[in-house]
K.L.:
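First the structure, which I've put down as structure tokens, then a few questions once you've had a look.
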Amino acid sequence: MFRLLRLMTLAPGHFHAALVQQRMLPGVHHRAHVYAPLDADTLTHLERIAGFNARAEHPTTWDIDLRAGGDYRERFAREQPGNATVISGRNRSKIDLIALSVESCAHVLADKPWIIDHADFPKLEAVLRQADLREVLVWDVLTERFEVTNWLLREFTRDEALFGTWQSGTAERPALWLRSVHHLKKTVAGSPLVRPWWWFSTEISGEAIADVGTHLADLSLWLIAPDQPVDYATQIQMLGADRALMLITQEQFGELTELPVFPAELQPQVVEGNLYYAGHNSAVYALRGVHVKLETSWEYESPTGGDTHQCIARGTRAVASIRQPAGARPELFLSATDPSRHDALAERLREKCASLQHDFNGLSVTDDGRELRVNIPESWRTTHEDHFAAVMEEFVRYFHAPRTVPPWEHTNALARYYITTKAAEMARAT
């Protein structure tokens, strides 16, 4: 019998909880339930969903059933009007909400990060074991997998005739380098984003490497060991991590949160009238012998555009890179590891692009004699918000066909959170 997916949202505190509902999808019931405390975070979530319903183009038709109060967890466990839970809010409590959902045999779509401290790693292992036993899906909102340059990079690095095999690199010159720069002040779904105060709390939200770093850690697994399980205990060696604090003035904090002063909960992070936030991190590790470096940074505001993503991947035949200057879209480039092989690399890259034409009609290559640029068709360019819709489509598809979930996903969920939480732990110790 065909089952409709019926959504329940638990304690929505982050705007990602709403973004996964920006479209109506076949197989998903129009009524969605929200279990949460009756606070500003919940009201903001309802406003965002109402905004989707009121859009002039492609409005949604969500019918929200709000069940708010201090006992929202108990009501959720007792009533269970749905069969799938969306979790995107305060990071520290996410693993407990995921566990509550799994215990209720509800499928889970949970935004990163699931955990922010390595002390909670055993909880994550237990949750995933229970999910397997109860045959429920626990899925991460890994939007970066749907960025076209990342997808193409994965295709190219898997082609040994094009990329070769991965170099091993060193800690000083890693074979894979990933850098992400996010901005505190931004516009989401056409409106200025108002951040809750707790977003700036290291105790509640964690450090940058434990949050945004989740995407980068996942991409390292996705690229170096595509479609393969990675055992965190034997195939990942953490080599080092670092952190740097970001200063946020009272005026900037007010612009971001619409609060006149720093709340009492953040006072331990306030020095001489400024808030210090752990917004910059780096981590170095070896993944199956391939050295990887991750860098995550938060800036106050981009003068020319949104968040940026950069990557360098070093193979024995080619070096591939993703570059995204501020205000521009990410672009993909390749160069021969041995410059004398430039022409051979160009020929192979064109062959590879031709083989992808069924997916990327119009994909082409520009050759300046030293480097090759992959020209990506405009029709395959998507936005950050589009990526959330793609994640939701994937979750719905797996809900209706659970046997198609790749068997390595749970193993690699442990691997990516091992990387991020160990990196945060090591950075704090420096």
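Treat the numbers as computed from the prediction; the structure is a model and nothing was measured.
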K.L.:
In terms of side-chain geometry, is the basic nitrogen of Asp96 or Lys123 positioned less than 4.0 Å from the acidic oxygen of its partner?
P.N.:
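Counted as a salt bridge, because a side-chain N and a carboxylate O are separated by less than 4.0 Å.
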K.L.:
Return the minimal non-hydrogen interatomic distance between Met426 and Ala241, and the atom names on each side.
P.N.:
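Reported closest heavy-atom pair: CB-CB, 3.9 Å.
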K.L.:
Around Glu258, counting heavy atoms of other residues, nucleotides and ligands shown, do more than 12 lie under 6.0 Å from its CD?
P.N.:
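Check fails, neighbour count at 12 or below.
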K.L.:
Taking it one step at a time, do Glu147 and Thr149 satisfy side-chain hydrogen bond (donor to acceptor under 3.5 Å, both in side chains)?
P.N.:
CA-CA 6 Å; Glu147 163 53 44; Thr149 49; 2.8 Å; yes
K.L.:
Before giving the answer on side-chain hydrogen bond (donor to acceptor under 3.5 Å, both in side chains), spell out for Glu125 and Tyr417 the whole-Å C-alpha distance, their side-chain angles and the decisive distance to 0.1 Å.
P.N.:
CA-CA 10 Å; Glu125 291 181 301; Tyr417 285 112; over 6 Å; no
K.L.:
Strictly below 4.0 Å, N to O, side chains only: are Asp218 and Lys112 in salt-bridge contact?
P.N.:
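No, Asp218 and Lys112 are not salt-bridged.
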K.L.:
Should we count CZ of Arg173 as having more than 12 external heavy atoms under 6.0 Å?
P.N.:
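No, the 6.0 Å shell around CZ holds no more than 12 heavy atoms from other groups.
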K.L.:
Using 30° and 60° as the class limits, which term best fits the ring planes of Trp199 and Tyr277: parallel, tilted or perpendicular?
P.N.:
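Aromatic pair Trp199/Tyr277 classed tilted.
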K.L.:
Quick one: do the Arg179 and Gln324 side chains pair a donor with an acceptor below 3.5 Å?
P.N.:
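Their side chains do not contain a donor-acceptor pair, so the 3.5 Å distance test is not met.
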K.L.:
Is there a donor-acceptor pair closer than 3.5 Å between any side-chain N or O of Asp41 and the backbone N or O of Pro196?
P.N.:
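No, the answer is negative, given that no donor and acceptor are paired below the 3.5 Å cut-off.
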K.L.:
Establish, from distance only, whether the side-chain atoms of Glu394 and Trp139 form a donor-acceptor pair under 3.5 Å.
P.N.:
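Their side chains do contain a donor-acceptor pair, which is all the 3.5 Å distance test asks for.
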K.L.:
With a 4.5 Å limit on heavy-atom distance, are the side chains of Thr61 and Met24 in contact?
P.N.:
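They are in contact (side-chain heavy atoms under 4.5 Å apart), so the answer is yes.
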K.L.:
Between the side chain of Gln237 and the main-chain N/O of Thr234, is any donor-acceptor distance below 3.5 Å?
P.N.:
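The answer is yes, because a donor-acceptor pair under 3.5 Å joins these two groups.
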K.L.:
Run through Asn281, Thr421, Thr296, Thr202 and flag the one making a side-chain hydrogen bond (donor to acceptor under 3.5 Å, both in side chains) with Glu207.
P.N.:
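Only match with Glu207 under side-chain hydrogen bond (donor to acceptor under 3.5 Å, both in side chains): Asn281.
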K.L.:
Got a second to check how far His280's NE2 is from Glu299's CD, nearest 0.5 Å?
P.N.:
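The distance works out to 5.0 Å.
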K.L.:
So do the side chains of Trp151 and Arg145 get within less than 4.5 Å of each other, counting heavy atoms only?
P.N.:
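Answer no - side chains too far apart.
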K.L.:
Just by distance, do the side chain of Asp242 and the backbone of Ser282 share a donor-acceptor pair under 3.5 Å?
P.N.:
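No; zero donor-acceptor contacts below 3.5 Å.
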K.L.:
Against Leu109, only a single residue in Thr85, Val391, Ile87 fulfils side chain to side chain contact (heavy atoms under 4.5 Å, CB included); can you say which?
P.N.:
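The side chain to side chain contact (heavy atoms under 4.5 Å, CB included) with Leu109 is passed solely by Val391 among Thr85, Val391, Ile87.
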K.L.:
Could you check whether Asp386 and Thr383, counting side-chain N and O atoms only, form a donor-acceptor pair closer than 3.5 Å?
P.N.:
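The criterion, which ignores hydrogens and geometry beyond distance, is satisfied for Asp386 and Thr383.
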K.L.:
Among residues at least two apart in sequence or on other chains, which ones pass side-chain hydrogen bond (donor to acceptor under 3.5 Å, both in side chains) with Ser220?
P.N.:
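side-chain hydrogen bond (donor to acceptor under 3.5 Å, both in side chains) check on Ser220 returns Tyr285.
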K.L.:
Between the side chain of Trp114 and the main-chain N/O of Ala110, is any donor-acceptor distance below 3.5 Å?
P.N.:
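Yes, the answer is positive, given that a donor and an acceptor are paired below the 3.5 Å cut-off.
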K.L.:
Among all residues two or more places apart in sequence or in another chain, which pass the salt bridge (charged side-chain N to carboxylate O under 4.0 Å, His left out) test with Lys94?
P.N.:
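Applying salt bridge (charged side-chain N to carboxylate O under 4.0 Å, His left out) to Lys94 gives none.
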K.L.:
Between His384 and His16, what is the ring plane arrangement, given parallel below 30°, perpendicular above 60°, and tilted in between?
P.N.:
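Rings of His384 and His16: tilted, 30 to 60°.
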K.L.:
Is a side-chain N or O of Thr316 found less than 3.5 angstrom from the main chain of Thr165, in a donor-acceptor match?
P.N.:
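At least one qualifying donor-acceptor pair exists.
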K.L.:
Which residues satisfy the side-chain hydrogen bond (donor to acceptor under 3.5 Å, both in side chains) test with Ser205, sequence neighbours excluded?
P.N.:
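Ser205: no side-chain hydrogen bond (donor to acceptor under 3.5 Å, both in side chains) contacts found.
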K.L.:
Just checking, is any N or O donor in the side chain of Trp177 or Glu295 under 3.5 Å from an acceptor N or O on the other one?
P.N.:
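Yes, a side-chain donor-acceptor pair sits under 3.5 Å.
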K.L.:
Once side-chain hydrogen bond (donor to acceptor under 3.5 Å, both in side chains) is applied, do any residues pair with Arg341, and if so which ones, sequence neighbours excluded?
P.N.:
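Counting only residues at least two positions away or on another chain, Arg341 forms no side-chain hydrogen bond (donor to acceptor under 3.5 Å, both in side chains).
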K.L.:
Do Arg323 and Glu371 sit within salt-bridge range, that is, some charged N less than 4.0 Å from a carboxylate O?
P.N.:
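So Arg323 pairs with Glu371 through a salt bridge.
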K.L.:
For a quick check under 3.5 Å, do Ser340 and His342 share a side-chain donor-acceptor pair by atom type?
P.N.:
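No donor-acceptor contact under 3.5 Å links the two side chains.
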K.L.:
Does a salt bridge link Arg381 with Glu378, judged by any charged N lying under 4.0 Å from a carboxylate O?
P.N.:
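The answer is no: the pair does not qualify as a salt bridge.
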K.L.:
Under the 3.5 angstrom rule, does the side chain of Ser201 hit a backbone N or O of Ile204 as a donor-acceptor pair?
P.N.:
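Answer holds: yes.
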K.L.:
Quick one: ring pair (Phe, Tyr, Trp, His ring centres under 6.0 Å) pairs with a partner in residues 226-258, sequence neighbours left out?
P.N.:
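Of all non-adjacent pairs touching residues 226-258, those that pass ring pair (Phe, Tyr, Trp, His ring centres under 6.0 Å) are Phe121-Tyr232, Phe200-Phe253, Tyr232-Tyr418, Phe253-Phe262.
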K.L.:
Is a donor on one side and an acceptor on the other found under 3.5 Å between the side chain of Asn83 and the backbone of Leu4?
P.N.:
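Checked: pair present.
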K.L.:
Within the 4.5 Å heavy-atom criterion, are Ile419 and Ile209 side-chain neighbours or not?
P.N.:
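No. Closest side-chain heavy atoms not under 4.5 Å.
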K.L.:
Could you walk me through whether Thr366 and Asn375 pass side-chain hydrogen bond (donor to acceptor under 3.5 Å, both in side chains), step by step?
P.N.:
CA-CA 7 Å; Thr366 298; Asn375 301 312; 2.7 Å; yes
K.L.:
Looking at Arg23 and Glu385, is there a salt bridge between them, counting it only when a charged N and a carboxylate O are closer than 4.0 Å?
P.N.:
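Result for this pair is no, no salt bridge flagged.
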K.L.:
So do the side chains of Leu219 and Asn150 get within less than 4.5 Å of each other, counting heavy atoms only?
P.N.:
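Yes, side chains in contact.
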K.L.:
If you look at every heavy atom in His107 and Arg3, which pair is closest and at what distance?
P.N.:
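Heavy atoms of His107 and Arg3 come nearest at NE2-NH2, 4.1 Å.
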K.L.:
If we only count heavy atoms from C-beta on, is the Arg416 to Leu142 side-chain gap below 4.5 Å?
P.N.:
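Contact flag for Arg416/Leu142 side chains = yes.
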K.L.:
Check this for me, if you would: do Arg92 and Asp117 make a salt bridge, where the nitrogen-to-carboxylate-oxygen distance has to be below 4.0 angstrom?
P.N.:
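Asp117 and Arg92: salt-bridged.
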K.L.:
May I ask you to test the Asn274-Ile248 pair for a side-chain heavy-atom distance under 4.5 Å?
P.N.:
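When only atoms from C-beta onward are counted, Ile248 and Asn274 do not touch, as no gap falls below 4.5 Å.
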K.L.:
Between Arg195 and Leu184 (side chain of the first, backbone of the second, donor and acceptor by atom type, cut-off under 3.5 Å), is there such a pair?
P.N.:
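Judged by distance alone, yes, a pair lies under 3.5 Å.
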K.L.:
Check for a donor-acceptor pair, side chain of Gln167 on one end and backbone N or O of Gly169 on the other, with a separation under 3.5 Å.
P.N.:
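Side chain of Gln167 to backbone of Gly169: no pair is present.
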K.L.:
Can we say Arg154 and Asp159 salt-bridge, meaning some charged N sits less than 4.0 Å from an Asp/Glu carboxylate O?
P.N.:
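Salt bridge between Arg154 and Asp159, a charged N being under 4.0 Å from a carboxylate O: no.
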K.L.:
Please enumerate all residues that pass side-chain hydrogen bond (donor to acceptor under 3.5 Å, both in side chains) together with Glu135, with sequence neighbours excluded.
P.N.:
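None.
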K.L.:
Any luck finding a side-chain donor-acceptor pair between Thr382 and His387 under 3.5 Å?
P.N.:
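Yes, side-chain donor-acceptor contact under 3.5 Å.
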